Amino acid sequence: MKRELLENVKVQPYTSGDAIDREGYLSAVLGVSLGAATGTPTGITVKVTFTECDTEGGSYTPVADKLVVPGKTTDDTGAVTIEADPAGSELHNIDIDLVGCKQFIKATVAVECTGGTSPSCTATCAIALGDKNVQPV
């Protein structure tokens, strides 16, 4: 079991909007860690826009699979929106089904704070690719 996990998962820091080569992987988890909010916002949303392309340097378009995030439907731009605690300081793990996606994908993360006095919040990301389509022997 341990060998299967070690040889079938790839985890790396992720910068919003960078291209991910998902060749050989059927799913992923995008971890979005929100920092502490300042300016006492009354609401925080995390919007993640998924785009795809056949080549790393090509023109990216919204993912064709509207259910790329299980349990949520992407809008016409390939985005899903998640409500967050107005205080920030929380982790959101976003499951991604890559089966219907092209070889390269991008996840662009935007955090929006509303209410309060000049509210702001930052986010850092990491991604774990899993479910390799070729298993070790």
Side-chain angles (χ1 to χ4, degrees):
M1 178 68 107
K2 183 164 89 171
R3 174 165 287 147
E4 286 184 33
L5 176 64
L6 296 175
E7 294 179 11
N8 289 302
V9 177
K10 177 180 173 182
V11 179
Q12 63 191 43
Y14 181 68
T15 302
S16 174
D18 280 0
I20 302 163
D21 183 353
R22 57 120 224 100
E23 184 173 5
Y25 294 96
L26 303 176
S27 64
V29 176
L30 176 67
V32 179
S33 178
L34 295 177
T38 60
T40 58
T42 56
I44 296 177
T45 57
V46 178
K47 181 178 180 180
V48 184
T49 304
F50 295 96
T51 55
E52 63 184 353
C53 189
D54 289 320
T55 61
E56 186 174 9
S59 296
Y60 284 76
T61 57
V63 291
D65 182 358
K66 296 286 187 188
L67 299 175
V68 68
V69 176
K72 295 193 175 282
T73 302
T74 61
D75 63 18
D76 290 339
T77 67
V80 294
T81 302
I82 298 163
E83 298 290 326
D85 185 320
S89 298
E90 63 183 8
L91 174 66
H92 292 273
N93 285 321
I94 302 164
D95 297 333
I96 307 168
D97 181 357
L98 299 172
V99 172
C101 294
K102 296 180 180 178
Q103 181 176 346
F104 293 92
I105 62 165
K106 291 183 180 182
T108 304
V109 178
V111 179
E112 183 178 336
C113 298
T114 56
T117 308
S118 301
S120 70
C121 188
T122 59
T124 56
C125 303
I127 193 159
L129 298 169
D131 291 332
K132 272 186 106 166
N133 60 3
V134 177
Q135 302 295 318
V137 179

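This is a predicted model, so every value here is computed, not measured.
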- Task: Considering only NZ, NE, NH1 and NH2 on the basic side and carboxylate oxygens on the acidic side, decide whether K66 and D76 come within less than 4.0 Å.
- Result: yes

- Side chains of D54 and Q103: donor-acceptor distance under 3.5 Å anywhere? no

- Taken to the nearest 0.5 Å, the spacing of C53 SG from I105 CD1 works out to 12.0 Å

- Close side-chain approach of L98 to L26, heavy-atom, < 4.5 Å: no

- Query: Which heavy atom in E52 sits nearest to a heavy atom in G100, and how many Å separate them?
  - Reply: OE1-O, 4.2 Å

- Do you reckon V29 sits in the same ILVMFWY cluster as Y25, going by side-chain contacts under 4.5 Å, direct or chained? no

- T114 and T42, any side-chain heavy atoms less than 4.5 Å apart: yes

- Message: Can you confirm whether E112 is buried at CD, in the sense that more than 12 heavy atoms of other residues, nucleotides or ligands lie under 6.0 Å from that atom?
- Response: no

- Where T81 and K72 come nearest, the two heavy atoms and their spacing: O-NZ, 3.9 Å

- Considering only heavy atoms from C-beta outward, does the side chain of L67 approach that of D97 to under 4.5 Å? no

- Message: For the backbone of D18 and the side chain of T15, can you confirm whether one donor and one acceptor N or O come within less than 3.5 Å of each other?
- Response: no

- Query: Are D21 and E56 side-chain neighbours, meaning at least one heavy-atom pair lies under 4.5 Å?
  - Reply: no

- Query: Taking all non-hydrogen atoms of both residues, which atom of K47 and which atom of A79 are closest, and how far apart?
  - Reply: CE-CB, 3.5 Å

- Message: How close do P41 and C113 get, counting heavy atoms only, and between which atoms?
- Response: CB-CB, 4.0 Å

- Item | Spacing of CD1 belonging to I44 relative to CD1 belonging to I82, to within rounding of 0.5 Å | 13.0 Å

- Query: With side chains defined as the heavy atoms from C-beta onward, is the minimum distance between C125 and L30 less than 4.5 Å?
  - Reply: yes

- Judged by atom type as modelled, is there a donor-acceptor pair below 3.5 Å linking the side chain of Y14 to the main-chain atoms of I20? no

- Query: So V111 and T122, side-chain contact (heavy atoms from CB on, under 4.5 Å) or not? Walk me through it.
  - Reply: CA-CA 7 Å; V111 179; T122 59; over 6 Å; no

- Item | From CD (E90) to CG (L34), nearest 0.5 Å | 5.5 Å

- Item | V48 versus V109, closest heavy-atom pair with distance | CG2-CG2, 4.2 Å

- Query: For the residue pair C101 and R22, what are the closest heavy atoms and their distance?
  - Reply: O-NH2, 3.1 Å

